[in-house]
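Since the model is a prediction, treat every value here as computed from it, not as a measurement.
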Amino acid sequence: MTSEKQQSVNDEIRDAISQAVSVQSDAINTLSNEETIEQIYRVALEIDEADGRVAFSGIGKSGDVAKKIVDTFNSIGVTSHFVHPVEALHGDLGALSSGDVMILISNSGNTDEMVELLKFIGHFDPTTVSITSNPDSELAQQSEYHINTKVTDEGAVVDLVPMASATATMVVGDCLANALMAMQDFDRTQYGHFHPGGTIGKRLLLDVSDLLYSDIPRTKPSDTLAEVAVQMSKGSKGIAVIRDEQDLVLGILTDGDIRRLVEAGTDFNEVTAEEVMTTNPVVVSPEDSAIKVLEIIENKDITQIVVTTEKNIFEGVVHVHDIMKEGLSV
């Protein structure tokens, strides 16, 4: 292949990539109109007020998109499931009830299996919704609600390949999910409850009480630095917390403080903790989130932080390593 011919082929490939990006971007932008937003809003309202579950159905790529939306809905606490149109006609329709919302996805709106499914689900009396690019299609005309994606060009080299239609439908699903979160005051904590495992759950749910280390020997204000060093070693967190008899936190000394005092030639048998301790140290509550505490630790450039009650009574210590080993990072 000559260099000129190779360049021509390369240009065609780049044009194909650009075409896919441009057409799909236009398809998404087309959704930002008052009519479509109102259609999505009405369906979200219907889902929010429904007594039952949300069922999605589609075949081929539309089925894959439906499954993705199901996953998104379940992750925000909107109980959803996928119904294959063919299997539904052979027994799976029993999963539907009158309180459900049935969402049928088909770009053309005339897919035989989907049209056939819509004919039979009426016996179970769910609320029916169709998502298509053709408001004159059978699905759009026969369902109670219709969301028009208005896709006219897939953006594919072979225009039969679903691209822009799949993208636009996924965006509609995300819009529905966003509307439902807004309607239900869904927040980060609720999201965390649906994602208790992994880093996401830990960022949202893990708090200081899950991480604090309380076995820190009490250091008295009158203890010498030599005694402080021994207590610090026993605590194994590189910190001595100076407290009174009622465990009220008076100050702290860290292993860094000890090193600096050694370098300064301080007499560890003569100087007491209260003479050199840091008073009013940074403290956090057991209820504070782990990620918030990690941010404080990094912003203050410290490695450990004292945990106290509202009345400044000692609860424990959290070390940056205790947080990092949970896989959290700012």
Side-chain angles (χ1 to χ4, degrees), residues 28 30-59 62-63 65-85 88 92-111 113-151 165-187 190-191 194:
I28 294 172
T30 300
L31 298 174
S32 297
N33 65 84
E34 188 173 334
E35 179 187 21
T36 305
I37 291 173
E38 182 63 23
Q39 290 172 349
I40 294 171
Y41 169 76
R42 289 173 60 203
V43 171
L45 195 63
E46 189 67 34
I47 293 171
D48 185 51
E49 294 178 349
D51 295 326
R53 301 183 298 171
V54 184
F56 286 86
S57 188
I59 198 162
S62 293
V65 172
K67 292 172 187 176
K68 184 272 177 190
I69 301 174
V70 166
D71 289 342
T72 299
F73 272 36
N74 284 327
S75 76
I76 62 171
V78 179
T79 305
S80 309
H81 63 111
F82 175 75
V83 176
H84 192 284
D92 284 1
L93 279 178
L96 297 178
S97 68
S98 61
D100 292 346
V101 176
M102 182 75 195
I103 300 180
L104 306 153
I105 299 176
S106 167
N107 181 42
S108 69
N110 292 314
T111 307
E113 294 89 347
M114 300 301 294
V115 173
E116 190 76 4
L117 175 62
L118 182 57
K119 290 179 182 178
F120 286 98
I121 61 177
H123 298 292
F124 299 89
D125 198 28
T127 299
T128 56
V129 179
S130 61
I131 303 176
T132 82
S133 64
N134 183 4
D136 297 319
S137 64
E138 290 195 59
L139 286 185
Q141 291 295 312
Q142 295 177 27
S143 57
E144 296 170 67
Y145 296 92
H146 176 244
I147 298 174
N148 185 5
T149 60
K150 300 184 179 181
V151 174
S165 60
T167 300
T169 305
M170 280 194 286
V171 172
V172 168
D174 289 341
C175 290
L176 285 169
N178 236 19
L180 290 165
M181 284 191 282
M183 289 174 179
Q184 298 171 6
D185 294 324
F186 192 81
D187 58 23
Q190 288 172 287
Y191 187 73
F194 292 111

- Task: Hey, could you give me the CD/CG distance between Q142 and L118, rounded to the nearest 0.5 Å?
- Result: 5.5 Å
- Residues A168 and T149: closest non-hydrogen pair is CB-CB, 4.2 Å
- Contact check, side chains of Q184 and I76, non-hydrogen atoms, under 4.5 Å: no
- Heavy-atom pair of closest approach, residues P85 and I59: CG-CB, 4.0 Å
- Message: Within this structure, what is the CD-OG1 distance for the pair E116 and T111, rounded to the nearest 0.5 Å?
- Response: 12.5 Å
- Message: Tell me every residue that passes salt bridge (charged side-chain N to carboxylate O under 4.0 Å, His left out) with K150, counting only those two or more places apart in sequence or in another chain.
- Response: E35
- Test item: I103 and I47 side chains (from C-beta on) under 4.5 Å apart, heavy atoms: yes
- Message: Holding to side chain to side chain donor-acceptor pair (under 3.5 Å), I want the full list of residues that pass it with T36, two or more places apart in sequence or in another chain.
- Response: N33
- Query: Can you list the steps and then say if L117 with S57 is a side-chain contact (heavy atoms from CB on, under 4.5 Å)?
  - Reply: CA-CA 9 Å; L117 175 62; S57 188; 3.4 Å; yes
- Note on the structure: Distance col, row M170:CE vs I69:CD1, nearest 0.5 angstrom, shows 8.5 Å
- Message: Exactly one of S143, S137, S106 should register a side-chain hydrogen bond (donor to acceptor under 3.5 Å, both in side chains) with S130. Which one does?
- Response: S143
- To the nearest 0.5 Å, how far apart are CD in Q39 and CG in L176? 11.0 Å
- Item | Listed partners of F82 passing ring pair (Phe, Tyr, Trp, His ring centres under 6.0 Å), at least two apart | none
- Assess the side chains of S133 and N107: does a donor N or O sit below 3.5 Å from an acceptor N or O? yes
- Query: Where is the tightest heavy-atom contact between F56 and M102, given as atom of each residue plus distance?
  - Reply: C-CE, 4.3 Å
- Query: Is E49 atom CD crowded by more than 12 heavy atoms from other residues, nucleotides or ligands, each under 6.0 Å away?
  - Reply: yes
- Item | OG1 on T132 to CD on E138, rounded to 0.5 Å | 11.5 Å
- Message: Please find the pair of heavy atoms, one from N134 and one from S108, that lie closest to each other, and give the distance.
- Response: CB-O, 3.5 Å
- Enter the distance from L45:CG to L180:CG here, rounded to the nearest 0.5 Å. 9.5 Å
- Query: Would a distance-only check, ignoring hydrogens and angles, find a side-chain to backbone donor-acceptor pair under 3.5 Å from T128 to E144?
  - Reply: yes
- Has the side chain of T79 got a donor or acceptor atom that lies under 3.5 Å from a matching backbone atom of R53? no
- Taking all non-hydrogen atoms of both residues, which atom of M183 and which atom of Y41 are closest, and how far apart? CE-CE1, 3.8 Å
- Task: Compare every heavy atom of T72 with every heavy atom of A177, then report the nearest pair and how far apart it is.
- Result: CB-CG2, 3.8 Å
